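Note sheet for the following structure.
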Amino acid sequence: MEIILKEKVKEAVQFIYNCKVDEELIQIQETRKDFKGDFTIVVFPLLRFSKNTPEKTGEMIGSYIVNNFTAVSGFNVIKGFLNLEISDKWWIDYFALMASEKSHLENCQVKNPETILVEYSSPNTNKPLHLGHIRNNLLGFSLYRILSACGNKVIKTNIVNDRGIHICKSMLAWQKFGNGETPSSSGMKGDHLVGKYYVLFEKEYRAQIGELVLAGVNENEAKNSAPLMKETREMLLKWEAGNPEVMSLWKMMNSWVYAGFDETYKRLGVDFDIIYYESDTYKTGRDIVIEGLKNNVLYKNEDSSIWADLTPEGLDQKLLLRSDGTAVYMTQDLGTAVARYNEYKFDKNIYVVGNEQNYHFQVLRAILKKMGYNWSDGLIHFSYGMVELPEGRMKSREGTIVDADDLITEMQETAREVSLELGKLAGFSDVEKEEIFRKIGMAALKYYILKVDPRKNMTFNPAESIDFNGNTGPFIQYTYTRIKSVFRKAEQTGIQFEYGRLTEVEAGIKEIELVKLLRKFPETVTASAQDLSPALIANYCYDLAKEYNQFYHDYSILGENDPVVRNFRLVLSKVTSEILYKGMWLLGVEMPERM
RNA sequence: GGUUCCGUAGCUCAGUUGGAUAGAGCAACAGCCUUCUAAGCUGUGGGUCCCGCGUUCGAGUCGCGGCGGAAUCACCA
């Protein structure tokens, strides 16, 4: 409609003032609720053609359009805003079209689909997942769904940081202080068991440092010379040398962690197409660096370490190979980026990584660009903000880390308590109830995290976030289940409803507001894919659910006697439920049929 | 100090390519369950959109300069 109106405005200006108008100068938007009309044309930019007051110009254009375009039945001008009223006939046809669209995602397809890699999660294998990982996983998975829905080919990848000094710490502590306990003997989830020994290591290590400092050693010295640290470094060397004993311990403990992660991923409802392990890739990238050196893109220091000079790009010097020839983090990422490009020829490679690594990805792109890899423009750091507690950052030292598994369990428990308190779900089996509690709890958690702009840091208040009222996932689920209930009831009482055909329409403002929202769905999904922001969809779903709830209260749906009006309301309900379902699906939130 | 990001109601957050009187939820107060699910709906109160200057018919939105907060600036990953 907007497009047609634009044409009409162009035509009007041409006819009245004999001037050609640039498309961009014609601004059309929906009329605000408080004013009469459906669409509004902002006339200010057109004054240069009319050389007249905004009011006069609006009048002139308005009357031209009313006289030359039957879909517009009337108009009014307030200040510089020309409000056009669209005829009922047009709306009826429009509703019919909307109601006939079975898949509301079809309009979101992009013209040129791309191959996109989304890398997310990227855990370390020495600790269980925490709240920060939850944000990462939910964002990554949702991006995958949104980009796929727009017709792109999306590959979900996860790169597991399974090697290095941190995992040796857990291994060493388990060897020294453990009594051979395993996940099955202790009844502990594997990742939590390994994490326990990591914490134990840090505790003992700190104690050793304290003793050394008391004995007069300075702190840095103490950190290096503490016996536990020495042992850990020895273990890392053994690991790198492929010592069979260390390798088998490493494999065993990592397998525990993976089993634990898998459980958490499953609960979160996320998965991956390909999982990479750093133990396989940490040596890659050397060849690329050496080639870069040959081409004089990089330079060698006196101590034979290799560097990139990024000062022309406004960045710093960056080390790429140590003097002993070993690789660093950046080297690895260079290697995997090139390898993946060769394998997939991706258009985009999206890294879902916290904003603490902004600099790292800036450097990564700059180096690849310097080396002549033009596809480096397709490397996108999807940078999200930290999750903080009301007291500030989560600190493992202070035990304020919010564990992922604990939080999920807590959300589901709360869902159960709230449901039972409200006296819902009578007549369901215990198994069915548990399934519904799970969906509600997860919706509360996922929605809470996804509704905020990913770029921003967010505050997680353990007491308040477990809210099920207002702008929350459960509210949207509730709205959806209510609609389901309406249709169950309709079926029971034998009320028929025709999905596609509408011949008349009830003139009512509320419905129009709801419709305005409904038709924005494809546009919202597209914008969300463009900005890589699931939050747009989340907030949209809330607005829609809220609008529907008002509609639900203001109008009787099944109790309406006029079959045409009743059918109209049923169609709106049906379309709303479908869009809510799809919107939440894009966020990875499951919808219960009842709650 | 350099770079990047953020600053909107007491709290948590929305706010479309710059458009009309800046919106929700939570918290507070007052109403609404014999009628399709009250996890809901209606109403009241609550604002120097961090500050200043500029661009513009028009700025929460764009530009510049401050102030405040976060992240980062390793031969860690």
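By convention in this document, chain letters (A, B, ...) are assigned in the order of the sequence lines, proteins followed by strands, and residues within each chain are numbered from 1. Please read all numbers here as calculations on a predicted model, not as lab measurements.
Heavy-atom contacts from other residues, nucleotides or ligands closer than 6.0 Å to CD of A:Gln530 number 12 or fewer.
In this structure, B:A70 and B:U4 make a Watson-Crick or G-U wobble pair, each of the two defining distances being under 3.5 angstrom. Here B:A22 sits opposite no nucleotide as a Watson-Crick or G-U wobble pair (both hydrogen-bonding atom distances under 3.5 Å). Base-pair partner of B:A30: B:U42 (Watson-Crick or G-U wobble, both distances under 3.5 Å). In this structure B:C49 sits in no base pair that meets the Watson-Crick or G-U test at under 3.5 Å. In a base pair of the Watson-Crick type (N1 to N3 plus N6-O4 or O6-N4) or a G-U wobble (N1-O2 and O6-N3), with each distance short of 3.5 Å, B:G60 is matched with no nucleotide.
Using cut-offs of 30° and 60° for the angle between ring planes, the A:Trp239 and A:Trp250 rings count as perpendicular. Classification of the A:Tyr329-A:His360 ring pair by plane angle, with boundaries at 30° and 60°, yields parallel. Classified by interplanar angle (parallel below 30°, tilted 30° to 60°, perpendicular above 60°), the ring pair A:Phe361/A:Tyr351 is tilted.
Residue A:Gln550 places at least one side-chain N or O closer than 4.0 Å to OP1 or OP2 of B:U42. For the pair A:Arg455 and B:C5, the criterion of a side-chain N or O lying under 4.0 Å from OP1 or OP2 is not met. Phosphate proximity of B:G25 to A:Lys546: present, with a side-chain N or O under 4.0 Å from OP1 or OP2. Contact annotation: A:Asn469 side-chain N/O to B:G25 OP1/OP2 distance is not under 4.0 Å.
At distances below 3.5 Å, not a single donor-acceptor pair connects side-chain atoms of A:Tyr277 with backbone N or O atoms of A:Arg163. Of the possible donor and acceptor atoms, one in the side chain of A:Thr53 sits under 3.5 Å from a partner among the backbone N and O of A:Lys56. With hydrogens and angles disregarded, a donor-acceptor distance shorter than 3.5 Å links the side chain of A:Arg569 to the backbone of A:Ser556.
A heavy atom lying under 4.0 Å from RNA chain B marks the following residues of residues 40-55 of chain A, by number: A:Thr40, A:Val42, A:Phe44, A:Pro45.
Contacts classified as ring pair (Phe, Tyr, Trp, His ring centres under 6.0 Å) and involving residues 435-456 of chain A (residues at least two apart or in different chains) are given here: A:Tyr448-A:Phe460.
Here the side chain of A:Arg32 is nearest to one of B:G25, B:U3, B:U21, namely B:U21. Nearest to the side-chain atoms of A:Asn471 among the listed nucleotides B:A20, B:A70, B:G25 stands B:G25.
When heavy atoms are screened at a 4.0 angstrom cut-off, A:Ser419 is found touching base atoms of the nucleic acid. Residue-level contact check: A:Asn83 touches the bases, meaning some heavy atom is under 4.0 Å from a base atom. A:Glu278 comes within contact range of the sugar-phosphate backbone alone, with a heavy-atom separation under 4.0 Å but no base atom that close.
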Extract from the structure each pairing of a protein N or O with an N or O of nucleotides 14-16 of chain B at less than 3.5 Å, listing the distance.
| unit_1 | atom_1 | unit_2 | atom_2 | d |
| --- | --- | --- | --- | --- |
| B:A14 | OP1 | A:Asp453 | N | 2.3 |
| B:A14 | OP2 | A:Lys456 | NZ | 3.0 |

Shorter than 3.5 Å, N or O on both sides, protein versus nucleotides 71-75 of chain B: list them out with atom names.
| unit_1 | atom_1 | unit_2 | atom_2 | d |
| --- | --- | --- | --- | --- |
| B:A71 | OP1 | A:Arg393 | NH1 | 3.1 |
| B:A71 | O2' | A:Asn355 | O | 3.4 |
| B:C75 | O3' | A:Arg322 | NE | 3.3 |
| B:C75 | N3 | A:Ser323 | OG | 3.4 |
| B:C75 | N4 | A:Asp303 | OD2 | 2.1 |

Please tabulate the protein-to-nucleotide N/O contacts below 3.5 Å involving nucleotides 31-37 of chain B, giving atom names and distances.
| unit_1 | atom_1 | unit_2 | atom_2 | d |
| --- | --- | --- | --- | --- |
| B:C36 | O2 | A:Leu558 | N | 2.9 |
| B:C36 | N3 | A:Ile557 | N | 3.1 |
| B:C36 | N4 | A:Tyr552 | O | 2.5 |
| B:C36 | N4 | A:Tyr555 | O | 2.8 |
| B:U37 | OP1 | A:Ser485 | OG | 2.6 |
| B:U37 | OP2 | A:Ser485 | OG | 3.0 |
| B:U37 | O2' | A:Tyr478 | OH | 2.4 |
| B:U37 | O2' | A:Arg482 | NE | 3.1 |
| B:U37 | O2 | A:Lys424 | NZ | 2.6 |
| B:U37 | N3 | A:Met595 | O | 2.7 |
| B:U37 | O4 | A:Met595 | N | 3.2 |
| B:U37 | O4 | A:Met595 | O | 3.1 |

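The side chain to side chain contact (heavy atoms under 4.5 Å, CB included) test applied to A:Arg455 returns A:Asp453, not counting sequence neighbours.
If you check distances only, the side chain of A:Asn126 never reaches the base of B:A77 with a donor-acceptor pair under 3.5 Å.
Mapping A:Thr459 and A:Pro474 onto RNA chain B by nearest heavy atom places A:Thr459 closer to the 5' end of the strand. Nearest-nucleotide mapping onto RNA chain B: of A:Glu30 and A:Ile165, the residue sitting toward the 5' end is A:Glu30.
A heavy-atom distance below 4.5 Å is found between the side chains of A:Ile440 and A:Gln477. When side chains are defined from C-beta on, A:Val42 does not count as touching A:Ile28, because their heavy atoms never get closer than 4.5 Å.
The separation between A:Tyr540 atom OH and B:A24 atom C1' is 17 Å, rounded to whole Å.
For B:C51, the base is anti relative to its sugar; the glycosidic angle deviates from 0 by more than 90°.
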